[in-house]
Student: 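Following this message is one structure expressed as structure tokens.
As the structure is a computational prediction, the values presented were derived from the model and not from experiment. Residue numbers begin at 1 in each chain, while the letters A, B, ... track the order of the sequences. The basis for the numbers below is simple: all heavy atoms, side chains too, and nothing from hydrogens, waters or symmetry mates.
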Amino acid sequence: MQRKPSVYLMSAMAITIAVIAPLCLPFNIATEILIFGIFALATYLLLSVAGLYSFGQAAFFGIGGYVAGYVYINTDLPLIAGLVLAAVGSALIAMVVGMMSIKRTGIYFMMLTFAFNQMIYYLAYSWHSVTGGEDGLGGIRRPDLTIPGLGTIDFSSHLNFYILTAVMFVAIFACLYQLIRSPLGLVLNAARQNPHRTASLGFSVYRAQLLAFVIAGAASGVAGALFAMLYRIMPIDAISWTSSGTAVFMVIIGGMSSIFGPVIGAAIFIWLQGFFSLIWARWPLLFGVFIILVVLFLKGGAMELFDRMRRLVEARLQRSAR
Amino acid sequence: MISGKKMDRRTVLKAGVAALGSSLSGISWGQSANNTLTMGVISQQTGTFAYAGELVLKGAQLAIEERQGSILGNKINLVVRDDEGKPAVGVRRLTETISSNQLRYFIGNFSSAVGLAELEVARQEKVLQFAAGGSEDFTGSRCSPYTFQWSAHAYTALRATLEYVSKTMPEKKKIYTITADYAFGQSLLHYTQVAAKELGLELVGNANHPSGERQFTQYITKALSARPDIICLLTAGADAVSAIRQFNSFGVKTVQIVGPWTLEVEQMRELSPAMRSGMILGLNYYQDIDTPLNKSFVERYLKAHKNVPSYAAAYGYDSMRTLFLAMEKAQSVDADAVLKTLEGMQYNSIFGPTRIDARTHQVTRPYYVVQCKDANAMKNEFDLASIVSMGDKPQPIELNECKRTA
Amino acid sequence: MISLLVAQLLNGLAIGMIYALTAFGLSIIKGLLNVPNFAHGAFYALGAYVCFSALQLGMPFALALLLSFVVPALLGAVVEKLGVAQLMNGPYLYQLLFLFGIALILEQLIIIIWGTVGLSAMPPEWLQGAFDLGFTWIPKYLVFNGVMAALIIATVWVLIERTRLGSQIRAGIDKREMAQCLGLDVSRLITAGFALGSGLAGMSGGLVLPLLGANSTMGAEMLSIAFVVLVIGGLGSLYGALAAGILVGVIQSVSSVFVPSASTVLIYVAMVATLMIRPQGLFGER
């Protein structure tokens, strides 16, 4: 039986990343990396752990963003209420979509998630009054947070908002890691490898997968809400199927074998987007090349790259030690 | 398999490399020196108005050249960013340049949605935005102390265009509108209704189309079944080009196409003369505008770029030029001082004598109506149309939703 | 009202034929690879741009259309050999992502070569103008599109059903291992099938050029619709896409009369309904 690192150790790693990031990056970029890190983590849960190739996660990201945005623009509800509503909203829709999609497998499941994503996209597109349609939902504010004993935190400061995002990131990271180590995670893993065997052992594969789908939806919703607050606008393309594809890439590019994979994948993608788009308007071409290289030569993504490098270094050290 | 200790090192290595890798790019986000004024052109280089970004930049550069690259002793640092026509991207780029480059002034949005999203950032960060784009919200419900609107108000545009039509074609009274389904299009539709009512024209129907629509045949079929005299295209960019191209394939000669804010010169050229001949267009700018400032601008632009300037370039030039005039007048490059000066400022622009409304921040200037020429009437490749009318009636105050006090 | 409905019906039929043609190509590829081809839209766009350039160079329309088949077909063969073939034996997720990457690259290359501004082309003289049906006009070129698409589909049908190569391709689709046992070079068949499918996509792009023009987002838009058509027609059926394409075209056009903003949502509702109620589609077999 493998001894996997404890939740506390992994959380400490996550905190380290969260602390280092703003020291080498502008706050906005670091915040965006963590937000997409959360989104990619949720996708990782479905893709790598549960083996559910969902091409529609952007729908839940978008729902979270629109719900939070709508709440912050039209009501006086506090920050936490908005985040909770975003998570609940996405979770509910994820439950409905999941109930219908998980009944099918493989390509049918993928096509179903794609179709639902499109449906939700076009619904958001035409429901002007609530979502702003094509122009997006603009004018989203960042409510202050009052913590008894600590006072009121104003989130219009980049640093404060980053800290909020970092806290959410570490919390979700720890929860997801714990989930993966828990019996639910083991069932999902087993079901991914052999669904019939797992079912015949008495585990409800359907229920486990549905639960994972709902949790991933909720996490995506929180990421969406944070995104909406970061840019003070919820754009329509965040809920489109190309955004879902991007989430899948982040997981693949980072590496499907470890929970750090999606985080690294998100960092790489945002970095590519932020850096390359400044120097070349055709940067998606590089992104496409990246994907192809990873898929052809480095299926394990960045994690595999680190592994190979580590083994190379170790081999060299061993040789020089002789 | 692997002991807990090795997992430590491995995960630390991974996390560390990840952070390091990102930090290398931190170098690319640079800072700017003192005594420089950073101004930005944040415009589209991809998407529906992809040609616009380049042109706005060219216009802005001409204005900066006039000042020999500096204003009031500050070297002008021009920063260029692509907003991809998407609000989130525009906001992202703007936020980046404000924090990394100390940007203080920016122009460039072609999409109203992008401009309106940037408006919020400008308001938060106290940087001055000189916007273009057709939505009335810039000077209406979303008006902000830090945003000024260079383009004409939708009301002025519609009124000028429809007035010309009703005067020269009094027998054509029925209008069918095909409208782009976002802020800009809906704004135009609203004022088509207002202006039509004022002029005694009848709106017989409307079809909304989503942005980026390729197939207009179903909307045209629907429009034609209502038997209008005029089809008013309340859409712009590539969408408008598609609509006109497809309308042309129907070969219906009895219906007049009117585009009150529809095509710019670049897009007119995407269509063959046969496709556009006879079309009545409303324009924010046309190279034949007869003022001394415009004539010299057109001459310089022609020399530098072997092409006549269009809306995008004129916007880039004139908005930058106006900002510099205001800075000179205020004897300061501080955004708050400049914006106070701009309010109510009267000056000479490429349109002639112009002023800026102190409360709504709308630039009050004329709107031009042109008619597209046949292939054999064109004197040269640039002579696509002739100015047949102009109008500058400002939006009626009772319709304005701006809540600012002067 | 009736006349408007009939007019939209005709419009939908013609557009539907284009959907059918594109989805037919996608269906062939799906049958061979068992993976939805995310690059299909990009090949469609490429065909339109190639057709444009051919017309710019003064070539006759027929030749330009032929080129809009040939160039994407050749490129498709190359893509298949270089990437898809390598990933055949792994999980299909990698093939999928490979094709997605190709789509990204192709679409950016198109912008690099032809620029970001949309392009127009006029149809040949004899196809300009419209038929005046009394209650509505229908552009001649639209009719030509529909007829031409039908002809091309018929030709490919003959190729697949009545020629030796076609029967081999069918064998490769239905029973790959058996076909290999019988000595057929399945990998070459797959390359041929992929080339054929991509060529068909390109050709529909070329056909559509004078009507819809060419622009950088046309690929992604068509891809979405092609997936819907594929699913409704039946993921396992080769010809289901044809009926489904027409159906989708008609649904889009007719619903724009009653509920214009919902006409696109309806298509995806139909897609979901198909996947839930009858996942093998209208014509597939389980």
Side-chain angles (χ1 to χ4, degrees), chain B residues 44-54 82 84-85 178-179 181 205-227 237-255 264 266-267 269-276, chain C residues 1-12 14-15 18 48 107-108 111 115-123 127-132 135-145 208-218 220-222 249 252-257 260-261 263-264:
Chain B
Q44 278 195 253
Q45 282 157 22
T46 45
T48 322
F49 298 112
Y51 62 86
E54 197 49 51
D82 178 14
E84 294 176 33
I178 298 182
T179 311
D181 203 4
N206 176 50
N208 283 332
H209 79 82
S211 159
E213 178 67 84
R214 294 295 145 225
Q215 282 151 231
F216 281 88
T217 47
Q218 71 245 43
Y219 306 108
I220 299 172
T221 310
K222 205 169 163 201
L224 291 174
S225 71
R227 311 229 164 256
D239 305 348
V241 174
S242 301
I244 294 172
R245 190 192 301 124
Q246 284 162 37
F247 177 78
N248 203 262
S249 66
F250 279 75
V252 177
K253 299 290 172 210
T254 51
V255 175
E264 290 309 321
E266 289 76 17
Q267 290 143 334
R269 276 189 264 200
E270 272 184 55
L271 299 163
S272 66
M275 283 185 193
R276 56 179 197 247
Chain C
M1 182 50 116
I2 300 284
S3 51
L4 178 59
L5 268 177
V6 175
Q8 294 293 27
L9 196 70
L10 290 172
N11 188 53
I15 300 286
I18 296 289
E107 277 168 4
Q108 293 302 312
I111 296 180
T116 49
V117 182
L119 303 171
S120 302
M122 289 288 276
L127 286 173
Q128 293 175 20
F131 294 117
D132 186 349
F135 59 94
T136 189
W137 290 266
I138 191 158
K140 285 189 189 162
Y141 193 73
L142 194 60
V143 175
F144 170 72
N145 256 6
V208 129
L209 172 71
L211 192 67
L212 305 181
N215 66 85
S216 47
T217 55
M218 65 192 297
E221 289 156 12
M222 182 48 101
Q252 238 191 350
S253 269
V254 172
S255 64
S256 74
V257 176
S261 48
S263 56
T264 335

Student: Heavy-atom distances under 4.5 Å only: say whether C:Ile15 touches chain B with side chain, backbone, both or neither.
Tutor: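 Side chain only.
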Student: Tell me whether B:Gln218 contacts the main-chain N or O of C:Gly12 through its side chain, where contact means a donor paired with an acceptor under 3.5 Å.
Tutor: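 Pair absent, no side-chain N/O of B:Gln218 close to backbone of C:Gly12.
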Student: Could you look at B:Arg227 and say if it's the side chain, the backbone, both or neither that has a heavy atom under 4.5 Å from chain C?
Tutor: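 The answer is the side chain of B:Arg227.
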Student: May I ask you to name which of C:Leu212, C:Leu211, C:Leu119 has the most heavy-atom pairs under 4.5 Å with chain B?
Tutor: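 Among C:Leu212, C:Leu211, C:Leu119, the one with the most close pairs to chain B is C:Leu212.
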Student: Measuring from B:Phe247:CZ to B:Leu224:CG, what's the distance to the nearest 0.5 Å?
Tutor: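 Here the interatomic distance stands at 6.0 Å.
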Student: Out of curiosity, B:Thr221 OG1 to B:Phe250 CZ, how far, rounded to the nearest 0.5 Å?
Tutor: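 Spacing of OG1 (B:Thr221) from CZ (B:Phe250) equals 4.0 Å.
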Student: Sort out for me which of C:Ile138, C:Asn11, C:Leu127, C:Val208 touches chain B most, counting heavy-atom pairs under 4.5 Å.
Tutor: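 That would be C:Asn11.
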Student: Okay, side chain of C:Gln128, backbone of C:Pro123: is any donor-acceptor separation there less than 3.5 Å?
Tutor: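 Answer holds: yes.
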